[in-house]
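Heads up: the structure comes next, in structure tokens.
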Amino acid sequence: METKKTYAGIPEKYAGYDKSKVVLIPVPYDGTSTWGKGADKGPEAFLHASENMELYDIETESEVYKQGIYLSQPIDEKSSPNAMVTAVHDTVKTNIKRNKFVTLFGGEHSISIGAIRAFDECFNDLTVVQIDAHADLRKEYEGSKYNHACALYEANQNTNLIQVGIRSMDASEKLVMNEENVFFAHEMATDDYWMDNAIELMTDTIYITFDLDALDPSILPSTGTPEPGGLLWYETLEFLKKIFEEKNVVGFDIVELCPNKNDKSSDFAAAKLYYKMLSYKFTEQDVDDANENLYALKGNDKTNHLKFSDDEYEG
């Protein structure tokens, strides 16, 4: 994939690795999708749209790129789903231990398996918030446990998984699903309190995996498996803002953009979503704040959130 040298074309002084608080890892992988192909082109389309986006966020009155956003080399491992998951896991874990706020843009949803595994190994009491049209809870699909249809199976076993916006699933997934932690789209439509109820189920430490098919196709049609009845723009932002305000979000990924050359609106919506999430994360942090504050560690005691020891921590 070909992109400009920096994320969104930001000045080099905000894009170097050492001074950047944020690392953005593109993962252009589409090895297991079963209907609409093209998610491997998603990161490039997202980055191109980002280069044409205003970098002042009106809502938060901030320019979050000044916190530093390093655009990593893409993870191009495609030899097998297992190899891709391993490559993502290793890259993410390395960057967490260097005290970076790690974000990823896929690619299909299977890229999240390695990312979530790395965050779960690094943080105590992790909640994974899955915003998605599909449950993705199959243990195995088409001969692989690293299929996009299995993206959240491991997280469901090992973390506190909260699923939001679900409106498509196989009957077999209900056997492993924790229904008390699932917010189905048809129920959300008539529940004024679903956001607060979802947040009450979360621990303090949050990883967000955002499948773009969670959004209604009327605002984001360019995804591999669009489902009617999805989230709209401002309710999505309201929910995300609540999470970032009330919890400690330690990283996130966005997946399943399937670009359409005749419709650039989806690419731009994905770019804006990513930037809004960063803006919510850093809205109360000064640009010059030391990176030791990155994970909002109480009293700078890393053991509050991190599983690994000071000797392993490179931040």
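What you are looking at is a predicted structure, and each value in this text was computed from that prediction instead of being measured.
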Smallest separation among heavy atoms of [X] and [Y], with atom names:
X	Y	result
S72	V23	CB-CG1, 4.3 Å
D216	G230	OD1-N, 2.9 Å
Y146	S110	O-CB, 3.2 Å
S80	Y29	C-OH, 4.2 Å
I113	N147	CD1-O, 4.4 Å
P74	P28	CB-CD, 3.9 Å

field: Distance flag, aromatic centroids of F123 and Y207, threshold under 6.0 Å
entry: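 When the ring centroids of Y207 and F123 are compared, they turn out to be at least 6.0 Å apart.
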
Check your understanding: Can the ring centroids of F252 and Y274 be said to lie less than 6.0 angstrom from one another?
Key ->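 Yes: the rings meet the under 6.0 Å criterion.
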
Treating Ile, Leu, Val, Met, Phe, Trp and Tyr as nodes and any side-chain heavy-atom pair under 4.5 angstrom as an edge, say whether [X] and [Y] lie in one connected cluster.
X	Y	answer
Y65	Y56	no
Y234	Y280	yes
I208	L232	no

[X] side, atom [atom1]; [Y] side, atom [atom2] - distance, nearest 0.5 Å:
X	Y	atom1	atom2	result
R167	F184	CZ	CZ	12.5 Å
I254	H109	CD1	NE2	11.0 Å
E61	S279	CD	OG	12.0 Å
E173	D136	CD	CG	7.0 Å
I162	T127	CD1	OG1	5.5 Å
N156	Q130	CG	CD	9.0 Å

Should [X] and [Y] count as side-chain neighbours, where that means a heavy-atom distance under 4.5 Å?
X	Y	answer
L55	E63	no
L215	T223	no
H48	K264	no
D204	D125	no
N260	P221	no
F119	V128	no
T236	F210	yes
D213	D132	yes

What I want to check is whether the side chains of [X] and [Y] have a donor and an acceptor closer together than 3.5 Å.
X	Y	answer
H148	E256	no
E77	S79	yes
D170	S172	yes
D211	H134	no
N95	Y17	yes
T159	D120	no
K281	Q67	no
T283	T60	no
D253	T209	yes

Q: Go through W233 and K272 one step at a time and tell me if the side-chain contact (heavy atoms from CB on, under 4.5 Å) criterion holds.
A: CA-CA 11 Å; W233 183 250; K272 291 286 284 189; 4.0 Å; yes

Counting heavy atoms not belonging to [X], are there more than 12 under 6.0 Å from its [atom1]?
X	atom1	result
L175	CG	yes
K145	NZ	no
K78	NZ	yes

- Query: Do L212 and L273 pass the side-chain contact (heavy atoms from CB on, under 4.5 Å) test, and can you show the C-alpha distance, the side-chain angles, and the key distance before you say yes or no?
  - Reply: CA-CA 10 Å; L212 291 167; L273 178 68; 3.8 Å; yes

* D30/K41 salt bridge by N-O under 4.0 Å criterion ->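 No, no charged N to carboxylate O under 4.0 Å.
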
**Prompt:** Is K276 positioned over the aromatic face of F244, cation under 6.0 angstrom from the ring centre and no more than 45 degrees off axis?
**Reply:**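 Judged by the rule, K276 and F244 form no cation-pi pair.
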
Pairwise side chain to side chain donor-acceptor pair (under 3.5 Å) hits with a residue in residues 177-195, at least two apart: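 Checked against side chain to side chain donor-acceptor pair (under 3.5 Å) - neighbours excluded - the pairs reaching residues 177-195 are N160-N181.
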
Where do F239 and I131 land on the side-chain contact (heavy atoms from CB on, under 4.5 Å) test, with the steps shown first? CA-CA 10 Å; F239 181 50; I131 305 175; 4.1 Å; yes

- Hey, is the main chain of Y153 close enough, under 3.5 Å, to the side chain of K139 for a donor-acceptor pair?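 Between the backbone of Y153 and the side chain of K139 there is no qualifying donor-acceptor contact (under 3.5 Å).
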
| Y14 and T6: side-chain contact (heavy atoms from CB on, under 4.5 Å), yes or no, with the steps? | CA-CA 9 Å; Y14 300 117; T6 66; over 6 Å; no

